[in-house]
Structure formats: structure tokens, C-alpha cells
Amino acid sequence: MTSATHPEVAALLERAHRIGSDPRNTNYAGGNASAKATAIDPVTGRETELLWVKGSGGDLGTLTEAGLAVLRLDRVRALEDVYPGVEREDEMVAAFDYCLHGRGGAAPSIDTAMHALVGAAHVDHLHPDSGIALACAADGEKLTAECFGDKVAWVGWRRPGFQLGLDIAAVKEANPRAVGVILGGHGITAWGETSQECERNALWMIRTAEAFLEERGRDEPFGPVWAGREPLAEERRRERAAALAPLIRGLVSTDRPQVGHFTDAEPVLDFLARTGHPRLAALGTSCPDHFLRTKVRPLVLDLPADASPDEAEARLRELHAEYREEYRAYYERHASPGSPAMRGADPAIVLVPGVGMFSFGKDKQTARVAGEFYLNAIQVMRGAEAVSSYAPIEESEKFRIEYWELEEAKLRRMPGPMPLATRVALVTGAGSGIGRAIAHRLVSEGACVVVADRDAENAASVVQELGGPDAAVAVTVDVTDEQQIVAAFGAAALAFGGVDLVVNNAGISVSKPLLDTTAQDWDLQHDIMARGSFLVSREAARMMRVQDLGGDIVYVTSKNAVFAGPNNIAYSATKADQAHQVRLLAAELGEHGIRVNGVNPDGVVRGSGIFASGWGAQRAATYGIEEEKLGEFYARRTLLKREVLPEHVANAVFALTGGDLTHTTGLHIPVDAGVAAAFLR
């Protein structure tokens, strides 16, 4: 026995990566690829035919060998003899488990039959915009013949499954010159006897369709420009999007909280600037991969781009209520007693003429991909309208896909949400020390984080540590500057749809005796921490109230907020100010579901930006010890005799916001290893 990768599998993976890395070929996690070859059966010692095919839920561009399902071809083909017919074809998915080779690798997808039954060594099933445009054109079968001649056949719409695999296999047998098929309402399938031939045929189909649409397509497939719906100037467009995002996010989170994504890509803006967009948007998307992510249709704001903010808000609220009623009616029209329960009636895509597209999901990646899929749908509509008219599959068929029990089973297999899933946090001073540790803890618990720091380089570095833009974004902000704070929250709205959790952590420390403390020292200390946290909290409250989803504001204050130590007047007075802000804001914001709490650390030396910037040397001099011994000194004077690290402060922030302390506000949690003089009374 050997663990070496089979040569045909290696070729399959290389092909998948090349094809999947180009969005013109297929969408994220869409399509699949396979290879058939012989390998030694370790039980019998004889060669047996195997099928390697991308498993359920994988992505071609990042596919690994572990993401392939491995099945015995003789057993899969034998399923034809027990196939109970199209009305019971879903039963065949469970039967694939009895065809696995060894442990079988990844879970087989619904498209496994297509790959197994088609008589070719290599098969690719893809969702290119150009192919779907032909597949969703009113006269798609005729256009397919005009585009490809007899080298590509047409297969009418059929839901993915065992019968579709039989249909494609039969079409291939009946059309020996064909190198692939257009699947009505769906996508393309190509094949070849080698991996290279299969890839060449798939790419030929895609590029030929692109050229056909370009050469045959009419100008302005979406109609003429609609006066008043043209794109706003970029700066104004982004400002409008940042203002609308929290409102829209709050609306689409009626059934469950959502994370947002925004794009003002040119194809989106052009689509929304044309007279045909209301008609086409109402028809909805067609490819199953599209509407599973985007829902059957988007919500479209039907106002001019320069409508007043109040008018836009009022109309969005009206349209959202109408959308929910229409979606429930759609569900009730098609649901049967055995259908899965309705998953929620809020839109996943919201289109605003002149501004762009807002997309939503359970996390940033899901929201971003939903937007990418609707962009694919726009390109599909453009292609279909250019050479014919866009004719997606029937609404009843969309429902059968959206509420397919097999899709429901896939959702049930997914792990449950993490404690901070769907929550967006903004942490000030997050480029180092305590703030950095807080950002890491919040992301590890499922939150998206806006890393706000004066040092742009540090903030960007932390974002990379956290996993990049699907987990975190960096904003450069001086918390003494109102406009920079507003801009930071605007960036958060554009990146994630809004903000739910704010940590006031930014700070400095001026450690001097009273007579050495200048008015400038006092003002600087208070500007950054007292005034800065007030400004941040005020902007956070504005956004949270618009979202109407509640929220958390956490102040990282200090033991010094309640303990009177020597040579520390400016810093300690500022911390006392912050501590009382917690109480004041808890009392004021509670009616909006916004909880305000504080964390009182002490002696956080290791990794601290404040201690490294001179505060450590000053405190060490005050206590008459060496600076490198400061952490040990603070630990020795505590009740627990333990040094406090940034991670311990981050743990307290999570304890306050992670979901267990739902009825707690106005609280300060000491994180000082036990300083009796700072006990809260």
C-alpha cells in the first residue's frame, strides 16, 4: 500500500486549481471536477476502477486531495439497476455511501452521478457566466447550436441529481462529436479522455460562448440610462453607502443577525442605472448556485440616487416589509407538508441605484460571496439579454432547490455558530498590546473586527495576523479627531455593515508628580482617553441605534480608576472619568439594548505599548526597582501573586460580550490578580 497521489488525481487537482482560480470559469465553491482511473484494491490486490470527484461544499480553486470523494465505479454504475426513478432520485445520494472506496474521502455531492455515468475519463461541471447566459436565454437551445454547432449539445433544465447524470450520459452517447453540453438554466459540463483534453474542452466552451455573446450581442442590453439612477460621484456614493449600511443591516437582521458586504463595482452601478433593471431583478437569479446564496430575488430601492436620506430610509422600511410578505407568500405557494421550515424572510441582496449593492450572510465570507454571486447573475442577465431575453427557471423549481431536503441536510451538518458569530467589533488601540490581544480573542470567537489604531502599519499587521479582510480590516484613527472617528465607523459599515461591539482601549500614560504635570500633559491625557472614549462611544451609539440590534460598549479602564497611587494625577483622573462614563452611558443607553461595561486591569507590562513608551521606566523609578522587574513587582503585590497579561484582559472583554452576561450593564471587572485597595465598593 502507498499514500502517493495517483497521477490522474494529481492532474485533476492541477486542472481544478487553474480553472477555479479564474472567476470567468466558475464561481466560488461552484462546479466540480472528476477523474476516473484504475488503482490497486488493497483487499484483493487487483486493479479496480475508481472515481475521484470534488466532494460536497469544496472549492475548485483551493481543492486538495482530502476534498475529493473516492468511489468504486462498478458499484456506482450498478446503481442504475436499482434506480427507483426521478421521483425518488434523492435516495441515491445515501446510496453513494455504499460505493465508497476505503474511507471514501469527502462526502459525495449531488453531482457525483453526472461524473460517474458520463463515459469519459475526466469531467468538469462549471458555472461560467457566459455558459449560464446561453443556458438562461429564452431560446437557449437554438443559440447553443448556433454558437457551437454539433460539438456541444443541449440538455433541458433538470434539477441536479441521478437523472441528470443519466441524461447527460445518454446525450454524450448520442452525440459522438460533442465535447460537452449546456445545461438549461444551470451551467456547462465538458469532458475528455485526458485531464488536458477535458480542460481544453471546458475552456473552449467558455471562451467560445464569451466571443459569441460579444459578437452577437446588442448594445445596451439592460436598456437606456435611466435619468436619476446614474452613479453618484465616488466620494458621495461611499458616504451614502456608509450611512445606509447600518439601517439596511438592521432590517435584514429581522429574523437573525447578519454580517454585511458592500460593492460599487462598475457592472453593478451600470445595471442599476438602466431602465431594465427593475424587470430583470424581479425575475430573480437562475443558476442553483446563485439563488441558494442570493435568495430568489433581491430587494431594489425604487428611488432616484439623490433621494433624501429620510425618504430613502422610509422607502427601504416599506420595501423590506413588502419583501417579507412576498417571500412568505412564495414559501406558502410551494411548500408541502414535508418541506423544511422557512429559513427567514429577509433579503440577502439589497440594490440601491447610484450607490451599489449590499449583500448579507452569517459571516463576512458568506456575505461577500453572496454579492459575488449576484454580480455573476448580473453578467448572466447581460449576456442573455444581449442575444435573446433572460428566462430563468420557474419559481416552483427555484423553491425545490432552495428548500431541497438534501440542502437542508447539508446545513444540519455544519457546525453551530461561535459565541460572537455575526458580531462586528471596533477596537481602538488595537495595533499592539491589550488592544491586539482583544482583537485576537474576539476573532477567535467568531467576530469580525475593525482594528483601529493611530499606527497604520501596526493595524495592518494585526489584520494579517487575524486572517485578512474576511475577518478584520484596519482603520487609521486618532481618537482625538472627531472626523477620523466618523470615518472609522463609516469604514466599518462598508466592510461589515455596521458595528455591534466597541472596545475603548486606546490610551497613553503620563506618570508625573502633581507639580511636574503640565497643563499640556493634563490636556493630552484627557483628550486621548476621556474625550476620545466619549467621542468613540457617541459614534458607536449613533450606529447601534440605527441598526436597532442592541450592542456592547466596553471601556478598558484601570485599577487606578478607584485606587489612589502616587505621581499619577493625569492618568488616574482620566481613568476615573472613563469609569464614570461606563455608569452614565449604561444608564442612558440601556433602553436601546446597548450594554456598557468596563474592565479594570493593573500591571499589564508584557506586550504593553504604554509601558514600552516610557510609562514602565517612570513607574519603575517611582517604586525604586529595575524596569525589567516591573512585571514581577506588580505580581508580588497582588493577592494571587500572578502577573497580568494582555490575554487576561481580552478574556474579561469576551466574558462581558460573549452571550452569558446578557443582563449585565454598568459593571467593572477587575483584572489585577487581586489588589485589595482597588476592590470595588
Side-chain angles (χ1 to χ4, degrees), residues 1-22 25-26 28-80 92-127 160 162 165 168-169 172-173 179-180 188-205:
M1 297 178 62
T2 177
S3 60
T5 300
H6 193 291
E8 295 299 324
V9 174
L12 163 63
L13 293 173
E14 291 170 4
R15 175 174 100 240
H17 296 162
R18 285 191 296 269
I19 290 175
S21 64
D22 188 340
N25 300 333
T26 200
Y28 175 80
N32 30 70
S34 67
K36 303 181 184 77
T38 59
I40 299 298
D41 185 330
V43 174
T44 65
R46 293 192 292 270
E47 287 193 337
T48 185
E49 280 192 287
L50 299 179
L51 169 73
W52 291 267
V53 59
K54 192 198 85 169
S56 178
D59 174 55
L60 284 175
T62 56
L63 186 62
T64 64
E65 190 167 0
L68 296 170
V70 189
L71 302 95
R72 292 178 58 112
L73 266 176
D74 58 343
R75 295 183 69 81
V76 180
R77 288 167 177 161
L79 293 177
E80 291 187 55
M92 305 306 287
V93 174
F96 292 148
D97 289 344
Y98 295 92
C99 305
L100 299 176
H101 180 67
R103 295 185 178 178
S109 78
I110 189 65
D111 287 318
T112 297
M114 177 195 306
H115 293 268
L117 301 179
V118 169
H122 292 264
V123 178
D124 287 336
H125 168 58
L126 306 169
H127 302 136
F162 201 85
I168 297 172
K172 181 184 183 302
E173 285 297 312
V179 300
I188 74 169
T189 297
W191 49 74
E193 288 310 312
T194 65
S195 183
Q196 295 83 354
E197 182 183 30
C198 183
E199 181 177 0
R200 186 167 62 249
N201 289 338
L203 294 178
W204 174 79
M205 289 179 64

State, with a plain yes or no, whether a side-chain heavy atom of [X] is found less than 4.5 Å away from one of [Y].
X: L13; Y: T64; value: no
X: H17; Y: L60; value: no
X: L100; Y: R75; value: no
X: L12; Y: L68; value: yes
X: F162; Y: E80; value: yes
X: H122; Y: W191; value: no

> Which distance, rounded to the nearest 0.5 Å, do you find between the CD of Q196 and the CG of N201?
Replying inline: 11.5 Å

> What is the distance from atom SG of C99 to atom CG of L71, rounded to the nearest 0.5 Å?
Replying inline: 6.0 Å

> Got a sec, which residues hit side chain to side chain contact (heavy atoms under 4.5 Å, CB included) with D74, two or more places apart in sequence or on another chain?
Replying inline: R72

Which atom names give the shortest non-hydrogen contact between [X] and [Y], and what distance separates them?
X: A202; Y: I188; result: O-CD1, 4.2 Å
X: P108; Y: S56; result: O-CB, 4.2 Å
X: A116; Y: V76; result: CB-CG1, 3.4 Å
X: G192; Y: A120; result: O-CB, 3.9 Å
X: T38; Y: H6; result: O-NE2, 3.0 Å
X: G31; Y: T26; result: N-OG1, 4.0 Å

>> Filter on side-chain hydrogen bond (donor to acceptor under 3.5 Å, both in side chains), then keep only pairs touching residues 99-114, sequence neighbours left out; what's left?
In response: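 The answer is N32-D111.
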
> Should I168 and L117 be marked as a side-chain contact (heavy atoms from CB on, under 4.5 Å) after you check the CA-CA gap, both sets of side-chain angles, and the distance that decides it?
Replying inline: CA-CA 8 Å; I168 297 172; L117 301 179; over 6 Å; no

> For E193, which residues count as a side-chain hydrogen bond (donor to acceptor under 3.5 Å, both in side chains) partner, sequence neighbours excluded?
Replying inline: none

> Of all residues at least two apart in sequence or in a different chain, which pass the side-chain hydrogen bond (donor to acceptor under 3.5 Å, both in side chains) check with T189?
Replying inline: H125

> Taking only residues two or more places apart in sequence or in another chain, which ones pass ring pair (Phe, Tyr, Trp, His ring centres under 6.0 Å) with F96?
Replying inline: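 With neighbours one apart ignored, the set is empty.
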
> If only atom types and distance count, is the side chain of K36 paired as donor or acceptor with the main-chain N or O of H115 below 3.5 Å?
Replying inline: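 Confirmed, K36 side chain pairs with H115 backbone.
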
> Hey, is the main chain of G20 close enough, under 3.5 Å, to the side chain of N25 for a donor-acceptor pair?
Replying inline: no

> Name the one of R15, E14, E8 that satisfies side-chain hydrogen bond (donor to acceptor under 3.5 Å, both in side chains) with S195?
Replying inline: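 Only one of R15, E14, E8 forms a side-chain hydrogen bond (donor to acceptor under 3.5 Å, both in side chains) with S195, namely R15.
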
Enumerate donor-acceptor pairs with a distance under 3.5 Å from any side-chain N or O in residues 45-53 to protein atoms, sequence neighbours excluded.
residue: E49; atom: OE1; partner: R77; partner atom: NH1; Å: 3.3

